[in-house]
Engineer: 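One structure, as structure tokens, below. Some questions next.
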Amino acid sequence: QVQLVESGGGLVQAGDSLRLSCTASGRTFSNYVMGWFRQAPGKERDFVAAINRSGGITYYADSVKGRFTISRDNTKGTLYLQMNSLKPEDTAVYYCSAERFGISATMKTPADFGSWGQGTQVTVSS
């Protein structure tokens with residue numbers, strides 16, 4: 001399996017921006033569909049965004065569309081999530097995920113992804 005390590009979380013104010021990174025190792029990064037999920041305390045893990053293997057197609061949850069941008073650099077084995085206009089309701093632990101098999105257009109639940117990072121906390125104060 002691919003190993004994933006997230007970074008870039010922190011405490012920010014509403015309206016600020018953050019960029020999360022997820023560094024992959026152990027397997028060929030470009031073979032994996034990649035995704036970001038988030039989990040707030042007491043809630044389920046929710047889909048945020050996904051990107052296909054080449055990086056040319058992206059998908060977003062309605063709640064982040066227009067504010068967040070997912071991207072990847074296959075030469076560096078790194079996934080990114082640029083988060084702009086952050087809101088208090090974006091507060092959660094953000095997880096990077098990877099899946100070797102499957103079609104990115106249909107992968108929007110945690111069960112669709114087989115590899116996970118440890119998560120990074122994002123806290124947005126009002």
Side-chain angles (χ1 to χ4, degrees):
Q1 278 192 341
V2 64
Q3 285 78 50
L4 304 172
V5 178
E6 301 97 333
S7 61
L11 172 63
V12 296
Q13 293 186 332
D16 285 351
S17 298
L18 271 180
R19 188 175 82 157
L20 305 183
S21 299
C22 171
T23 303
S25 62
R27 292 290 186 268
T28 303
F29 181 69
S30 60
N31 288 340
Y32 288 78
V33 174
M34 300 297 296
W36 287 101
F37 286 75
R38 66 186 181 186
Q39 189 166 18
K43 296 189 177 181
E44 295 183 348
R45 191 169 297 190
D46 290 333
F47 172 77
V48 174
I51 189 166
N52 73 337
R53 292 171 178 83
S54 69
I57 303 175
T58 57
Y59 307 90
Y60 296 95
D62 289 342
S63 58
V64 306
K65 202 171 293 184
R67 299 188 298 122
F68 291 10
T69 302
I70 187 172
S71 62
R72 66 190 295 164
D73 186 336
N74 285 346
T75 66
K76 296 182 178 179
T78 304
L79 176 73
Y80 303 99
L81 185 68
Q82 177 67 43
M83 305 186 294
N84 298 330
S85 303
L86 282 161
K87 304 175 181 180
E89 50 264 44
D90 294 319
T91 295
V93 177
Y94 282 71
Y95 295 91
C96 169
S97 59
E99 176 54 46
R100 174 67 176 87
F101 303 101
I103 301 172
S104 56
T106 65
M107 297 166 66
K108 303 241 173 73
T109 73
D112 294 323
F113 291 84
S115 298
W116 293 87
Q118 83 289 348
T120 185
Q121 177 71 46
V122 172
T123 303
V124 184
S125 64
S126 58

Engineer: Does Y95 reach the side chain of Q39, with side-chain heavy atoms less than 4.5 Å apart?
Structural biologist: yes

Engineer: Please report the closest heavy-atom contact between R53 and N74, naming both atoms and the distance.
Structural biologist: O-ND2, 3.0 Å

Engineer: Are L4 and E6 side-chain neighbours, meaning at least one heavy-atom pair lies under 4.5 Å?
Structural biologist: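 Side-chain contact under 4.5 Å: no.
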
Engineer: Please confirm whether the backbone N or O of V124 pairs with a side-chain atom of T91, one donor and one acceptor, at under 3.5 Å?
Structural biologist: yes

Engineer: How close do Y32 and A98 get, counting heavy atoms only, and between which atoms?
Structural biologist: CD2-CB, 3.8 Å

Engineer: Nearest heavy-atom pair of R45 and P110: which atoms, and what distance?
Structural biologist: O-CG, 3.7 Å

Engineer: Atom OG in S115, atom CD in Q1: separation rounded to 0.5 Å?
Structural biologist: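 Those atoms lie 3.5 Å apart.
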
Engineer: Are the side chains of F68 and Q82 in contact, using a 4.5 Å heavy-atom criterion?
Structural biologist: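 The answer is no, as the side chains (C-beta and beyond) never meet within the 4.5 Å cut-off.
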
Engineer: In terms of hydrophobic clustering (I, L, V, M, F, W, Y; side-chain heavy atoms under 4.5 Å; direct or indirect links), are M107 and L79 co-clustered?
Structural biologist: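 Each belongs to a different hydrophobic cluster.
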
Engineer: Can you give me the closest heavy-atom contact between I70 and Y60, atom names plus distance?
Structural biologist: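 Looking at all heavy atoms of both residues, the closest pair is N-OH, 2.9 Å.
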
Engineer: Pair M34, C96 - check side chain to side chain contact (heavy atoms under 4.5 Å, CB included), show working.
Structural biologist: CA-CA 7 Å; M34 300 297 296; C96 169; 3.7 Å; yes

Engineer: Would you name the heavy atoms of S17 and N84 that are closest together and state the gap between them?
Structural biologist: OG-OD1, 2.9 Å

Engineer: So, does T75 use its side chain to make a donor-acceptor pair with the main chain of D73 at under 3.5 Å?
Structural biologist: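 Between the backbone of D73 and the side chain of T75 there is no qualifying donor-acceptor contact (under 3.5 Å).
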
Engineer: As a test of understanding, state which of T120, D46, D90 forms a side-chain hydrogen bond (donor to acceptor under 3.5 Å, both in side chains) with R38.
Structural biologist: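 Among the candidates, only D90 passes.
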
Engineer: Any non-hydrogen side-chain atom of F29 less than 4.5 Å from a side-chain atom of T78?
Structural biologist: no

Engineer: Looking at every heavy atom in both L18 and L86, which two are closest together, and how far apart are they?
Structural biologist: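 L18 and L86 have their closest heavy atoms at N-CD1, 3.9 Å.
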
Engineer: Could you see if W116 belongs to whatever hydrophobic cluster contains Y94? Use Ile, Leu, Val, Met, Phe, Trp, Tyr and a side-chain cutoff under 4.5 Å.
Structural biologist: no

Engineer: Calculate, to the nearest 0.5 Å, the distance between atoms OG and CG belonging to S7 and L20 respectively.
Structural biologist: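 With rounding to 0.5 Å, OG (S7) is 8.0 Å from CG (L20).
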
Engineer: When rounded to the nearest 0.5 angstrom, what distance separates SG in C22 from CH2 in W36?
Structural biologist: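 If I round to the nearest 0.5 Å, the distance is 5.0 Å.
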
Engineer: With a 6.0 Å cut-off (strictly less than), is the heavy-atom count around CD of E44, excluding the residue itself, greater than 12?
Structural biologist: no

Engineer: Any side-chain heavy atom of I51 within less than 4.5 Å of one from I57?
Structural biologist: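 In short, these two side chains do not touch, never coming nearer than 4.5 Å.
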
Engineer: Could you tell me whether the side chain of R19 and the main chain of G9 form a donor-acceptor pair under 3.5 Å?
Structural biologist: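 Side chain of R19 to backbone of G9, a donor-acceptor pair under 3.5 Å: no, none is there.
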
Engineer: Is there a path of hydrophobic side-chain contacts, each under 4.5 Å between heavy atoms of I/L/V/M/F/W/Y residues, joining V12 to L81?
Structural biologist: yes

Engineer: Where the side chain of R100 meets the backbone of R27, is there a donor-acceptor pair that is under 3.5 Å apart?
Structural biologist: no

Engineer: Tell me, with the steps shown, if F37 and F113 meet ring pair (Phe, Tyr, Trp, His ring centres under 6.0 Å).
Structural biologist: CA-CA 10 Å; F37 286 75; F113 291 84; 5.5 Å; yes

Engineer: Could you tell me the separation between the NZ atom of K87 and the CG atom of D16, rounded to the nearest 0.5 Å?
Structural biologist: 14.5 Å

Engineer: Between S97 and E99, does any side-chain donor sit less than 3.5 Å from a side-chain acceptor?
Structural biologist: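 Distance-only check fails for S97 and E99.
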
